[in-house]
Amino acid sequence: MSSLNYPEAGATRLGPLPDGYNHLHHRTRVGRGRADFEAAGAAITEFRMHRRSGAHVEASTPRADAGTAVRVAVQAGPLRLAVPCRVIWAEYGPARIGFGYGTETGHAECGEECFVAELAEDGTVWFRVMAFSRPARWYSRLGGPLVPPLQRWYARRLGRTLRRIVTQERERRGVPGR
């Protein structure tokens, strides 16, 4: 994966996160039970969570798999920032579904971020975001102090969006709220 602009590819899969970067750890409860877990995992890996949160996502495959090219764009008024990423790893297990993608050359930051649904032993479904990043361009260094709070804000937004998706899927199945 020579197009990545950082050397620690895969560090978000199981940790620890590498030194020399800003770190993000965020966890949100999004549901309960196997059906909620599977709904959350599908929304994450099919990029629906990101799209419903307002990001424009172009991906080379319909769901996240290692090697998938992803271009994520966010827009605020007339300003639009589109950044290249590549899925480094994807996991489709019985208690963990998600993926991690890394920044490619041309991205304003360098690092990696993962989005994972986890099914706990008690049946709780958790959404986890874990990331490490640092500025890669002059303008991202200039705005550097703003990046960690923006990443935390976006992680919380993704969690709220995923919770809504899971709730809507549950209602579609005719299951009462939990």
Side-chain angles (χ1 to χ4, degrees), residues 1 4 6-19 21-55 57-72 85-104 109 111-133 148 151-178:
M1 299 201 183
L4 297 176
Y6 67 101
E8 300 91 351
T12 59
R13 186 164 201 161
L14 299 173
L17 299 182
D19 292 332
Y21 294 86
N22 295 313
H23 293 175
L24 170 68
H25 295 275
H26 177 74
R27 189 171 93 145
T28 303
R29 183 185 181 281
V30 296
R32 184 157 191 78
R34 170 105 3 229
D36 284 359
F37 166 70
E38 290 173 2
I44 292 167
T45 59
E46 295 168 5
F47 308 105
R48 286 185 285 127
M49 174 188 68
H50 284 83
R51 289 181 178 120
R52 296 256 311 260
S53 290
V57 178
E58 297 172 12
S60 63
T61 60
R63 77 174 200 168
D65 286 306
T68 297
V70 181
R71 189 167 196 76
V72 180
C85 299
R86 183 152 314 266
V87 175
I88 305 303
W89 60 268
E91 186 172 336
Y92 295 90
R96 188 172 143 99
I97 299 173
F99 70 94
Y101 61 21
T103 57
E104 293 188 300
E109 295 281 312
E112 196 171 291
E113 191 166 20
C114 76
F115 312 94
V116 178
E118 297 171 324
L119 180 60
E121 287 185 20
D122 69 356
T124 303
V125 180
W126 294 98
F127 169 60
R128 181 182 304 273
V129 179
M130 192 164 54
F132 62 92
S133 64
Q151 285 179 321
R152 285 191 301 276
W153 172 82
Y154 189 60
R156 287 191 303 270
R157 180 180 177 92
L158 290 174
R160 288 189 304 270
T161 299
L162 187 57
R163 187 180 307 116
R164 279 193 303 273
I165 291 170
V166 168
T167 299
Q168 290 167 352
E169 284 292 312
R170 187 181 319 119
E171 290 169 355
R172 187 186 59 75
R173 292 189 316 266
V175 177
R178 298 178 187 191

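Values below: all heavy atoms of this structure, side chains included; hydrogens, waters and symmetry mates excluded. Index from 1, following the sequence.
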Between [X] and [Y], what is the shortest heavy-atom contact and its length?
X: W126; Y: T124; value: NE1-CG2, 3.3 Å
X: A9; Y: L4; value: CB-CD1, 3.7 Å
X: S53; Y: L158; value: OG-CD2, 3.3 Å

Y6 versus E112, side-chain donor and acceptor atoms under 3.5 Å: yes

Donor + acceptor pair across side chains of R63, T45 (<3.5 Å): no

Which residues satisfy the side chain to side chain donor-acceptor pair (under 3.5 Å) test with [X], sequence neighbours excluded?
X: E91; value: R96
X: E46; value: R48
X: R157; value: none
X: Q151; value: S133

Sequence-distant partners of [X], ring-ring contact (aromatic ring centres under 6.0 Å, His included), two or more places apart:
X: H50; answer: F115
X: F127; answer: none
X: Y154; answer: none

Sequence-distant partners of [X], side chain to side chain contact (heavy atoms under 4.5 Å, CB included), two or more places apart:
X: R156; result: H26, R152, W153, R160
X: R52; result: T161, I165, Q168
X: A117; result: F37, A40, I44

Atom [atom1] in [X], atom [atom2] in [Y]: separation rounded to 0.5 Å?
X: T103; Y: R86; atom1: OG1; atom2: CZ; value: 12.0 Å
X: Y92; Y: E38; atom1: OH; atom2: CD; value: 13.0 Å
X: M49; Y: L162; atom1: CE; atom2: CG; value: 6.0 Å

Inter- and intrachain pairs under salt bridge (Lys or Arg N to Asp or Glu O under 4.0 Å), touching residues 120-132, at least two apart: E118-R128

Lys/Arg N to Asp/Glu carboxylate O, R29 vs D36, below 4.0 Å: no

Under a 4.5 Å cut-off applied to non-hydrogen side-chain atoms, are [X] and [Y] in contact?
X: E58; Y: V72; result: no
X: L24; Y: V129; result: yes
X: F99; Y: F47; result: yes

Please list every donor-acceptor pair under 3.5 Å in which a side-chain atom of residues 64-71 meets a protein atom from a residue at least two apart or in another chain.
from	atom 1	to	atom 2	distance (Å)
T68	OG1	T61	OG1	2.7
T68	OG1	D65	N	3.2
T68	OG1	D65	O	2.8

Under 3.5 Å donor-acceptor, T12 side chain and M130 backbone: no

Expected output: side-chain T167 to main-chain R163 donor-acceptor under 3.5 Å: yes

